[in-house]
Every structure is written in C-alpha cells, then in structure tokens.
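Hydrogens, waters and symmetry mates are skipped; everything else that's a heavy atom, side chains included, is used.
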Protein chains: 2
Amino acid sequence: MSDQNPLAKSLQLLWEGLPEPEKGPKPKLRLEQIVAAGIDLADADGLEALSMRRLAEKLGVGTMSLYRYVPSKNELLNLMLDTVVGPSHTRMTSPRLGWREFLAITAHEGRQLYLAHPWTLQANWSRPVLGPNSVADLDLFMTGVKELPLSDREKMNLATVLDSHVMGAVRQELLWQKAAAESDMTDEEFWTYQLPTLERAMESGRFPTLAQLSEDTFDGTNEETFEFGLDLLLDGVEEEIQRRLAQGGADSA
Amino acid sequence: MSDQNPLAKSLQLLWEGLPEPEKGPKPKLRLEQIVAAGIDLADADGLEALSMRRLAEKLGVGTMSLYRYVPSKNELLNLMLDTVVGPSHTRMTSPRLGWREFLAITAHEGRQLYLAHPWTLQANWSRPVLGPNSVADLDLFMTGVKELPLSDREKMNLATVLDSHVMGAVRQELLWQKAAAESDMTDEEFWTYQLPTLERAMESGRFPTLAQLSEDTFDGTNEETFEFGLDLLLDGVEEEIQRRLAQGGADSA
DNA sequence: TGAGTACAACGTACGCCGTACGGTGCACGC
DNA sequence: GCGTGCACCGTACGGCGTACGTTGTACTCA
C-alpha cells in the first residue's frame, strides 16, 4: 500500500482499524465504541439526528475528540455501514439449501436488516463500501448460488438485482412511516388527510383508469408487495435455468 | 377541504398552485419559476448544492422572499419531484402495445428519468408525493396493464416492484459515479485504488468463493444489470399469467 | 382624493451543522 | 527528569433552514 494511494487511509480504517499508539497517553475511546454509538443513535433517532456533537455528548467526550479516531463523518458512516452487515447477521443457513430457498432467505434477511437500520438506505450515497463485512457477505452469496447454471457475471447481476428489489421495497415501506412521523400523525391519519384530494381527483375525469380500480387496490401491505416481487424474480430465474438446462450445458465458471 | 386538515396547504400547493393575490403589490416571481430553477440547480450541481440562499441568488431575490411562495424547502422538493415526472416525460406510447413492451418501455423511461435527475432518488425521503403528475403517471401505468390477468391490487404491486427495480439499478449506477467524483477521480482510478486491498483480501483465504470467480465477474455494466433484472421480472410475470390462463379465468376487476 | 389594508420583499438573527486550527497536558523512551 | 509525540478539546468559521418584524407598494372603499 503506497502512500500515493489517496484511498489508503479509508481502506485501512475499514480493514485494519486504527493502529495502536505507543508513545502518548492512553486513548479514552475505542473506534468500535464510536461506531457502535453511531449506529445506536441512527437506529433510534434517524440519520438526521446523528451529528458529531450529539455523538460526542453521548460518549462523554468533546466533539473534536472524535476526529482523533475518524477523519470525517462520511468515513464514520462507511464504518457504520460495514459494521451493520457484520457476520452476526449474515444468513447462517446450512450450506445444503436449494437455490430458491437460499435466495428467498437472503432477501428476507436483507429486508430485516434494512428495516432494523433504516438509515442505511440514506447513508451510502457517499461511497460504495468495500469493507470486510460487505465482501464477506458477497462471498456468502456467491457460495449460495454456486450451483446455479449462470455465469459468474450473471450471478453478480443477480446479487445486485435482488438487493435492489429489497431496498426498493423497504424504501417504500419507510417512506410512509417517515412521512407520517414528520407530520406528527399515524399512517392512517396521513392517508385520511390525503383522501379528499384524491377523491376529488378521481371524480375530475382526468384519471379514468384509476377511477375504475377496485376498492382494495391500495390496501396491499408492504410485505405483500415485497413477496410479490420476490416471487416474480425467483420465477424468472427458474425459467431462465430451465431454458438453459433444456438446451444442454451451463456456462458457469 | 376543511381548515382542520394539516395537509391542506401542501396538497393545495401541489394540485392548484398559489392563489393569485388581488390586493397587494405584484409578485416578482411565479411559483413555477422557483420550482424550475430548483430543478436546474439540483440537476447541475446535485441536491447538496441546492440551498435556499443559492436558489434565491440565482433568481435575483432575497433569500426569505422564497418563503412567500413555498412554506419550506421540503415542500419545494415535493413540487420539484412532481414536476419532474410531468407529462412531457410520460411514455406517450401508442395504447395498443403488448403488456411486455409496455412494461419494458416504462422501465426504460423511468431509468432515463432517474439518470437525468439523480437527486430524485435522494429527495423523496421526506414525503410520498401525491401530486397531479405522479397520479397521472400511475393512471397511465394502470391503463397500460389493463389487459393483464392480474387483480388491481397485484397490478399496484407490480408498479411498485418495477419502480423499485429501476430505482435500485440507477442507484447503484450513480453510487460509483458520485464516489469517484467526490474523491476527484474517475471511475477507473477509483477502482484501481481499491484493487490492492481487494487482492490482498482474496489471497487471505477468507473469501474462498470470491477468490475463484472468473475474471470478468465484475466487468458487467450497469445497463446490463438493469436489463438482466428487468428480464427476470418480465419472465416472472409471463409465467404467472400463463399459469392463470391455463387454469381458467382471471380475477382482474 | 385620501385612508385603510393586504400583501410582497427581505434584512437580521438564532440555533444548528461539519470541521480547521492550535493550545494544554499526559505518558512513555531515553 | 526531560523531550517528544500524541490525546483531548475549546474556539471559531462558514455554511445551513427559517422565524420574526420592518418597509413600501398597490389596491379598495369612503
């Protein structure tokens, strides 16, 4: 790792943590403490409540002391992200699982993770995290789909596509929660207040198709949507591999 | 619309715009100008560059004057969002299109929209937009899938799932662009700097499956991933409707 | 024509934010 | 026992969103 590399510091922090100092006074904190406290705060009060000042206060240190451990808030977020996908959470599924079950479990665990840490969806806008836990997660995924008759490149695409679906579904789910919370109302109240406007819109004749939809069109739960899309994807995979098996060999590496 | 409704103001702004004043001096600006300037700014320099001060400066007015038109920055973002999905952009596809083509075109146009206005992916974390253009968009979608033998509720799920896929894929795409830009490097440089760390990780034996992947595993383009997932979804839909048609009637409303 | 009034413009200020900088004092190697 | 390198962190700067209150304009009505 040459000093020329401008990402060296960030990557080192992710993969090796902070080097132990030898000379000076004992550090009051450990990097892991800061990261853990950050995750706690973001889980509890949302990403917008995670400020360096609040975090420092929570840890009982001065604000600027945090910068002895972490070069910037952005870097802290990267550490938080990689921590949160940590091994305790990866699907410890028995390795002998059919690919369909494996993909379904992966998706469901992903959903639980995003629901437990909603800030992850807003946070990683800054930089693709290539930390050890993320990489381990990808390794686990690739192991789980080893037997699928797809090329490695296609498997990679599958990983991305599955994650997109999970993120997108959870995002929808959180959107309504947040909106209601910000306006100091419950989900239902929020809907209720929107209803009159929508009803007037329906009656205006500008939306002929919407106006004719059945009553329960918008009653679906977020989980239902999630499962619906997951089934579509898995069916799509199934069909693709049937097609390949039918016409002979697979081109998996 | 009673005054009790705490969302009345927001909804009115979206659906009816600002009421014309009769008494006082002529307003210097129009609401649409502000919204358009906001979109311009966010398109050009990113959402983080869109501050009320900069926006006001761009428009040649004092900062606080903007609040004569828009109650808050959040509300402005909602207006921007609904504007950007405006009718000029909706697929003006001939109504007699097969469902598969229709869904594919919808997805592709969505992708173009998100790529043209990347900030939309970060912005609508505040409130689900139920503006006239968004509703019109949904109406158009529902018209396009009218013939599909799915229930209305399932069609709604399909709309959400498709959008999730599009958003997720574009998000991945933008992520790398942004990361590189923030570090003042190109995409390739960014990769290059990460490589040594990854190679060391591969050689560590901690990621046995990843270490064995073929060379081109990570060479896929974002567009390729997008198409891959889209095909999976559409194949999934195809299979589902085959299944239904095989066993008799559909339960569409 | 003059008074009253509603409303547009916007300067100032408050309390947040991330973080650059530099001083203070601790703990170890010599 | 002292020099040195580092931990801690107070202060300050330039941003942010926006609450509040003043000023001046353009209309209605007497």
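- Contact check of residues 54-67 of chain B against DNA chain C (heavy atom, cut-off under 4.0 Å) returns B:V61, B:G62, B:M64, B:S65.
- A:E224 is linked by a side-chain contact (heavy atoms from CB on, under 4.5 Å) to A:T221, B:R153, B:N157, counting only residues two or more places apart in sequence or in another chain.
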Enumerate donor-acceptor pairs with a distance under 3.5 Å from any side-chain N or O in residues 44-52 of chain A to protein atoms, sequence neighbours excluded.
from	atom 1	to	atom 2	distance (Å)
A:D45	OD2	A:R54	NH2	2.9
A:S51	OG	A:R54	N	3.1

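- DNA chain C lies under 4.0 Å from at least one heavy atom of each of the following residues of residues 36-52 of chain A: A:L50, A:S51, A:M52.
- In terms of the ring pair (Phe, Tyr, Trp, His ring centres under 6.0 Å) criterion, A:W15 has no residue partners (sequence neighbours excluded).
- Checked against side chain to side chain donor-acceptor pair (under 3.5 Å), A:T209 has the following partners two or more places apart in sequence or in another chain: B:T143.
- Residues satisfying the side chain to side chain donor-acceptor pair (under 3.5 Å) test with B:R53, not counting sequence neighbours, are none.
- Under the side chain to side chain donor-acceptor pair (under 3.5 Å) criterion, B:Y114 pairs with B:D163, sequence neighbours left out.
- Scanning DNA chain D 5' to 3' for nucleotides with an atom closer than 4.0 angstrom to a non-hydrogen atom of chain A gives a first and last hit of D:dG5 to D:dA12.
- Residues satisfying the side chain to side chain donor-acceptor pair (under 3.5 Å) test with A:T106, not counting sequence neighbours, are A:R91.
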Contacts under 3.5 Å, N or O only, protein and nucleotides 28-30 of chain C:
from	atom 1	to	atom 2	distance (Å)
C:dC28	OP1	A:K26	NZ	2.9

For residues 26-41 of chain A, tabulate all N or O donor-acceptor pairs below 3.5 Å that involve a side-chain atom, not counting sequence neighbours.
from	atom 1	to	atom 2	distance (Å)
A:R30	NH1	A:E32	OE1	2.9

